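Quick notes on the structure that follows.
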Amino acid sequence: MHDEFGVYYQPALAAGQVARARTGLIWRLGWTALIVAIGVGGWLLYPEQFGPSAPWFIGSAVVVGLALGGWELARFLTARSDAARVAPGLALGANRYGVLVGADWYPWGEVGSLVVRPGRLGASSRLVATGRDARTREVLLDYTDVLPASLDSAVVALSAGRARVDLSRLDA
């Protein structure tokens, strides 16, 4: 039987998320510019056919493009912020005496809660460890080598049932 369980950060996963968010932002802005250019081109080349509706078409394309571009920008900034927090190495370690979350050691008797919270705006889901003394520490789970249910199983086994990971917020 293994008496230790390690969860490691995978910086390549975080870098991939940042790259996907950046690509989404570029595509969104590019498509918006293309649609606006088509509208302006139609207005200039065929003013009789496009004249009355061109300002509405161009304006709505800009408004929708900027709104969706804002969403993509928020996703990109969130992914970049998460990636800055992901350093190679151990994110969480557990053994039969307790759990190490980041730099904080929580003996099993001092673990108040281990809760997985889903991410928002493209952010990673987080394991939030809270001690009985109200200390909290987070682990960005989407950039690790473990699934939440596997983490729960390991915590239950190593703590001899004294602690478990609350996964209920993932269902909401």
Side-chain angles (χ1 to χ4, degrees), residues 1-32 65-172:
M1 178 178 147
H2 294 286
D3 286 353
E4 294 182 347
F5 182 75
V7 176
Y8 294 88
Y9 276 127
Q10 305 291 318
L13 295 175
Q17 182 68 17
V18 171
R20 284 187 296 279
R22 180 183 302 117
T23 300
L25 176 61
I26 291 168
W27 272 95
R28 175 63 58 204
L29 296 177
W31 272 107
T32 300
L66 289 177
L68 294 174
W71 170 258
E72 295 290 343
L73 178 63
R75 285 186 55 223
F76 170 69
L77 294 174
T78 300
R80 195 172 67 176
S81 173
D82 277 359
R85 295 178 53 196
V86 174
L90 187 69
L92 179 142
N95 62 27
R96 59 190 164 137
Y97 303 108
V99 61
L100 177 69
V101 182
D104 287 346
W105 173 254
Y106 299 89
W108 291 122
E110 294 179 24
V111 173
S113 67
L114 297 168
V115 179
V116 175
R117 295 196 173 128
R120 293 192 172 105
L121 287 177
S124 170
S125 56
R126 291 158 163 60
L127 170 73
V128 179
T130 305
R132 295 199 187 276
D133 59 359
R135 294 182 285 155
T136 62
R137 198 60 114 141
E138 290 185 347
V139 172
L140 302 175
L141 284 180
D142 291 352
Y143 308 124
T144 65
D145 59 354
V146 71
L147 295 172
S150 300
L151 178 60
D152 180 47
S153 297
V155 165
V156 170
L158 289 169
S159 71
R162 291 177 284 179
R164 58 175 324 128
V165 178
D166 180 0
L167 303 173
S168 63
R169 288 185 174 95
L170 291 179
D171 298 332

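Please read these numbers as outputs of a predicted model, since none were measured by experiment.
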Would you please name every residue forming a side chain to side chain contact (heavy atoms under 4.5 Å, CB included) with [X], sequence neighbours left out?
X: W105; result: N95, Y97, L100, P107
X: L68; result: R28, V64
X: T23; result: W27
X: L77; result: L73, R80

What side chain to side chain donor-acceptor pair (under 3.5 Å) pairs are there with at least one residue in [range], not counting sequence neighbours?
range: residues 143-158; result: D152-R164
range: residues 117-127; result: D82-R126, S125-D142, R126-E138
range: residues 5-18; result: Q17-R20

Next on the checklist: When you measure from the side chain of R169 to the backbone of P118, do you find a donor-acceptor pair of N or O atoms at a distance under 3.5 Å?
Outcome noted: no
Item to check | Option passing side chain to side chain contact (heavy atoms under 4.5 Å, CB included) with P148 (candidates D166, L170, L127, V165) | outcome: L170
Any side-chain heavy atom of [X] sitting closer than 4.5 Å to one from [Y]?
X: L151; Y: L92; result: yes
X: V155; Y: V99; result: no
X: F5; Y: V146; result: yes

Next on the checklist: Can you pull out every salt bridge (charged side-chain N to carboxylate O under 4.0 Å, His left out) where at least one residue sits in residues 89-100? Sequence neighbours excluded, please.
Outcome noted: D3-R96
Item to check | Contacts of type side-chain hydrogen bond (donor to acceptor under 3.5 Å, both in side chains), residue R135, not counting sequence neighbours | outcome: D133
Item to check | Minimum heavy-atom distance W108-L158, with the two atoms named | outcome: NE1-O, 3.6 Å
Checklist entry - At their closest point, which heavy atom of A163 faces which heavy atom of V111, and how far apart are they? => result CB-CG1, 4.5 Å
Checklist entry - Which residues satisfy the salt bridge (Lys or Arg N to Asp or Glu O under 4.0 Å) test with R137, sequence neighbours excluded? => result D104
